[in-house]
Participant: 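Have a look at this one before I ask anything.
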Amino acid sequence: MSTLRDSRHLWLLAGLLGAAALGMMLLRTVLMPATYGIQGPYRAEALAEIAAQPSLFPADATCHQCHEKVRHERDGTLHEAVRCAHCHGLAVDHVAKARLAAADPSVPIPPAAEWDGNFLTRIDLYLTKDRSTCLSCHEQVVGMPADFKKIDPAVHLEEQGASEPTSRETCFECHGGHDTAP
Amino acid sequence: MDGHPLHTAPFIFPNDAHPAWSIMIVLYPYITGMVAGAFVVSSMYHVFHREALKPVAKLAVVTSLCFCACATLPLLLHLHQPQRALNVMVTPSPSSAMAGFGFIYSGYMLLLLVDVWLMFRPAIVARARSLTGRWGQLYRVLALGVLDISPGAAAIDQRLISALSVLGIPVACVLHGYVGFLFGAIKANPWWSTSLMPVIFLSSAIVSGIAVVILVYLFLCRWSGIEAEPECMRALSRLLWMFLILAVAFEGVELLHIAYEQEAEWHVIRELLGSKLRFSYGIVQILIGSLIPLLILPLPAFSHRLAARCRDSWSGVAAVLVLFQVLAMRWNVVVGGQLFSKSFRGFVDYPLTWWGREGLIAAAVVLAMPLVLLFGAMKILPVWPPGIDDHEGTIQ
Amino acid sequence: MFDVAEESRRSFLKHATTVTIGAFSLTILPSTLAEDEPQVTKPGQLPILGNPPAAGHGASPKPVYGFLIDTTRCTGAGKCLTACRVENKVPEGQSRTWVERYAHLKDGSVKVDLVPETGYAGSEIPPLDADDVLRAYFVPKLCNQCVEAPCNQVCPVHASIKSPEGIELIDTDRCIGCGYCVQACPYGIRFMNQDTGVADKCNWCYHRIMRNEQPACVEACPTGARVFGRLDDPESELAKRLATVPTEVLKQHLGTIPLTRYIGLCDEVT
């Protein structure tokens with residue numbers, strides 16, 4: 001009896017700590033995400049959230065839905081594997097608006113802009129009949145595979161008997177656009 | 001990067017340019033280390049009955065508690081999503097070395113709180129009975145409303161204090177060994193990945209804790225105009241010297257091991273030590289922080305002829321240098337490990353800013369916080385001067 | 001290749017139908033399935049994603065994904081890099097994927113450079129004199145989706161998710177931003193996203209592959225240097241190429257068991 005009396009401050013403390021632990025456990029159930037652990041040790045909803053992120057980089061099929069005419073223009077050419085987006089930009093806004101416009105024709109579809117030459121910000125749609133578009137892949141750099149078509153622009157122009165490019169579109173004059181020839 | 005025939009020009013992975021861990025992660029093991037170290041000092045008295053340490057026994061536990069209370073501060077400042085900090089206890093991952101922190105830390109904090117509460121219960125009860133008004137109320141709450149201490153209760157408390165002091169030693173080792181494991185278990189980083197890391201962190205933790213207790217004790221003695229107990233100072237200096245030898249030995253063995261084995265990534269580490277860490281490792285950690293204290297500590301530790309003032313000065317200087325050593329060691333591990341890219345072909349710069357959540361000013365505030373808390377604790381509890389509580393309450 | 005993908009996309013949608021009908025209301029279905037365009041998945045369908053249909057539904061077994069990097073085909077034009085940055089809104093100065101150029105010089109040394117994201121026109125990769133170079137090649141880097149992922153192991157709050165398909169994902173709602181996973185990834189793939197304040201990493205465009213689309217970088221690669229597909233589908237380009245050429249993984253000695261395999265990897269690649 002006296003031991004119990006002597007240790008009553010400890011029992012009080014134990015009660016306090018027990019209550020705190022209980023409170024923590026309660027807090028834990030409150031803070032526990034709803035779908036946690038139903039598939040594995042994680043919040044299962046997260047997978048769906050990540051998967052819901054929109055696809056932005058357009059597959060060529062996306063472009064061809066509207067731009068039917070160009071669908072087969074590159075078939076059999078050296079540029080068959082080049083995507084529309086490589087030269088014309090990712091057209092993020094353009095595609096999004098075009099999808100909306102399919103249901104509601106009053107939605108304006110932003111047209112292709114003159115290209116500002118910046119590849120990093122190429123998320124819009126551009127008219128890219130520009131030699132730098134070609135050179136962004138084909139300018140000769142040490143390390144390229146041997147069978148990859150590459151040019152040193154200065155040497156190439158000299159071979160063609162020109163000292164400098166005749167225009168922005170100089171490559172296209174000989175090699176064509178969608179129907180690229182070697 | 002020269003010295004290796006394969007590498008001519010530096011190359012770093014693009015994401016390695018911005019180190020993910022800031023100076024706050026340097027402070028985190030620094031502060032936790034002092035928690036563990038100060039507790040060991042107190043345990044030397046309570047468990048191993050080193051009577052000479054009696055004057056600092058309670059001071060050491062309270063110091064430990066104050067540092068422990070601040071140990072999460074640098075982490076919260078570092079976390080990019082501090083409001084989610086509790087996730088670590090809501091959905092902890094058993095495979096993560098870091099997930100243990102919430103539990104180990106809370107457990108240790110609880111142990112320290114109960115330990116301090118029991119130690120100061122006589123004083124708390126005495127004040128709860130004698131004081132009125134808001135202060136009296138505070139102490140009555142602290143006493144949990146139990147306003148008498150029978151001899152039986154006092155005996156139970158003493159037994160419990162001993163038990164907690166015993167239990168506290170392994171828990172302190174776990175707390176800080178665990179911090180070392182956080183780094184030692186990262187196989188991606190050759191400067192961290194070693195099984196010695198927990199031991200290195202633990203030994204330097206104890207060293208830093210002893211040094212803090214020495215400095216706090218000396219400061220308080222000077223402040224109250226009393227003389228530091230010669231036996232206590234000698235014992236503390238001996239303790240510091242002993243654990244410093246251990247810490248330096250572990251750190252040395254580790255470095256020697258990497259250097260001698262010369263594994264694939266050694267050329268990066270050699271370069272790191274020779275350039276980016278030349279000052280913080282070579283000068284601060286080894287020369288100023290380890291060798292000099294190792295040489296001067298035997299004086300205050302073993303000489304009985306030294307004048308008191310002289311002895312205290314030597315101990316104090318050694319303690320300050322040791323604190324720099326441990327800080328440099330944390331820096332060299334945490335920052336050093338992020339100064340090279342995982343390409344092992346190039347180094348990155350470590351940005352230090354004055355302002356901001358993870359700046360130097362914030363770091364200084366974090367380092368000062370435990371001392372502010374200690375000052376506050378001394379206002380509430382009879383931590384200082386030693387022996388004052390012997391006249392309060394009913395114990396003895 | 002394209003036909004195969006089309007085919008399996010249809011069968012995927014078929015499973016989606018079966019399972020979704022079983023578990024959820026019918027109302028959202030017609031609009032989802034009517035169009036041919038890849039769709040942003042509607043909330044009601046979501047739970048099937050991490051939970052592939054059981055065999056009892058007449059479904060194909062759980063997909064086994066793989067990634068192949070052919071260093072002999074990479075031209076270093078960096079089209080994949082722009083694609084990834086736009087697709088996943090990766091902040092400037094941080095990267096989910098990048099391309100390195102390794103050059104063996106005639107003096108016996110190796111020089112490594114980062115390929116610019118802008119393509120070559122108007123931007124710089126440190127020039128090399130072709131006469132000094134024995135051999136040079138490009139190495140794209142992306143998440144290895146390690147089977148024993150050290151980044152996942154160290155995450156304290158289970159914000160790192162190994163999806164049922166074996167893809168390493170980040171739950172941006174749970175991540176506390178401690179940066180431990182960034183330290184633990186031996187490949188430097190993870191980073192603290194400076195815009196969102198949580199960890200970020202390449203997830204092989206999980207959102208795209210769940211719709212049976214190719215990851216953005218693969219879609220953007222004109223030379224076939226990046227190949228994504230199902231290992232368990234013998235008709236996939238990935239399986240066909242892996243069947244014919246020996247491949248390697250990065251930092252094999254660390255035992256992380258990467259799923260991203262490389263053709264033409266040399267020991268200087270870290």
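Throughout, protein chains are lettered first and strands after them, A, B, ... in sequence-line order, and every chain is numbered starting at 1.
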Participant: In terms of side-chain geometry, is the basic nitrogen of A:Arg74 or A:Asp60 positioned less than 4.0 Å from the acidic oxygen of its partner?
Facilitator: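 Yes, charged N to carboxylate O under 4.0 Å.
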
Participant: Would you compute the distance between atom OH of C:Tyr262 and atom SG of C:Cys74 and round it to the nearest 0.5 angstrom?
Facilitator: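 That separation rounds to 10.0 Å.
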
Participant: Looking at C:Lys79 and A:Ser136, what are the two nearest heavy atoms and their distance?
Facilitator: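 Answer, listing the atom of C:Lys79 first, then A:Ser136: NZ-OG, 2.9 Å.
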
Participant: Taking side chain as everything from C-beta outward and backbone as N, CA, C, O, which of these in C:Cys205 sits under 4.5 Å from a heavy atom of chain A? Side chain, backbone, both or neither.
Facilitator: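 Neither; nothing under 4.5 Å.
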
Participant: What is the distance from atom NE2 of A:His79 to atom CD of A:Glu73, rounded to the nearest 0.5 Å?
Facilitator: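 Result: 14.0 Å between the selected atoms.
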
Participant: Using non-hydrogen atoms only, which part of A:Arg43 is less than 4.5 Å away from chain C: side chain, backbone, both, or neither?
Facilitator: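 It is both, since atoms from each part get that close.
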
Participant: I'd like to know whether CE of A:Met32 has more than 12 heavy-atom contacts from other residues, nucleotides or ligands below 6.0 angstrom.
Facilitator: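 It does: A:Met32 CE has more than 12 such atoms within range.
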
Participant: Does any heavy atom of chain A fall under 4.5 Å from the side chain of C:Ile170, the backbone, both, or neither of them?
Facilitator: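 When you check distances to chain A, only backbone atoms of C:Ile170 fall under 4.5 Å.
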
Participant: Which residue out of A:Pro153, A:Ala46, A:Pro41 racks up the most heavy-atom pairs below 4.5 Å with chain C?
Facilitator: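 Greatest number of close heavy-atom pairs with chain C: A:Pro41.
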
Participant: Is it the side chain or the backbone of C:Ala83 that comes within 4.5 Å of chain A heavy atoms, both, or neither?
Facilitator: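 The answer is both parts of C:Ala83.
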
Participant: With a 4.5 angstrom heavy-atom cut-off, could you sort out which part of C:Asn203 is near chain A: side chain, backbone, both or neither?
Facilitator: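 Contact with chain A involves the side chain of C:Asn203 alone.
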
Participant: Does atom NZ (C:Lys106) have a neighbourhood of more than 12 heavy atoms from anything else shown, all under 6.0 Å?
Facilitator: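 Count over threshold, so yes.
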
Participant: Does any heavy atom of chain A fall under 4.5 Å from the side chain of C:Arg73, the backbone, both, or neither of them?
Facilitator: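 Interface part for C:Arg73: backbone (N, CA, C, O).
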
Participant: Based on non-hydrogen pairs under 4.5 Å, which of C:Ile167, C:Leu128, C:Ile161 is most in contact with chain A?
Facilitator: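 The residue among C:Ile167, C:Leu128, C:Ile161 with the greatest pair count is C:Ile161.
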
Participant: Is it the case that C:Arg226 places NZ or CZ above or below the six-membered ring of C:Phe228, under 6.0 angstrom from the centre and within 45 degrees of the axis?
Facilitator: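 So C:Arg226 doesn't make the cation-pi contact.
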
Participant: Quick one: what part of C:Thr75 sits under 4.5 Å from any heavy atom of chain A, side chain, backbone, both or neither?
Facilitator: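 Looking at C:Thr75, backbone and side chain both touch chain A.
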
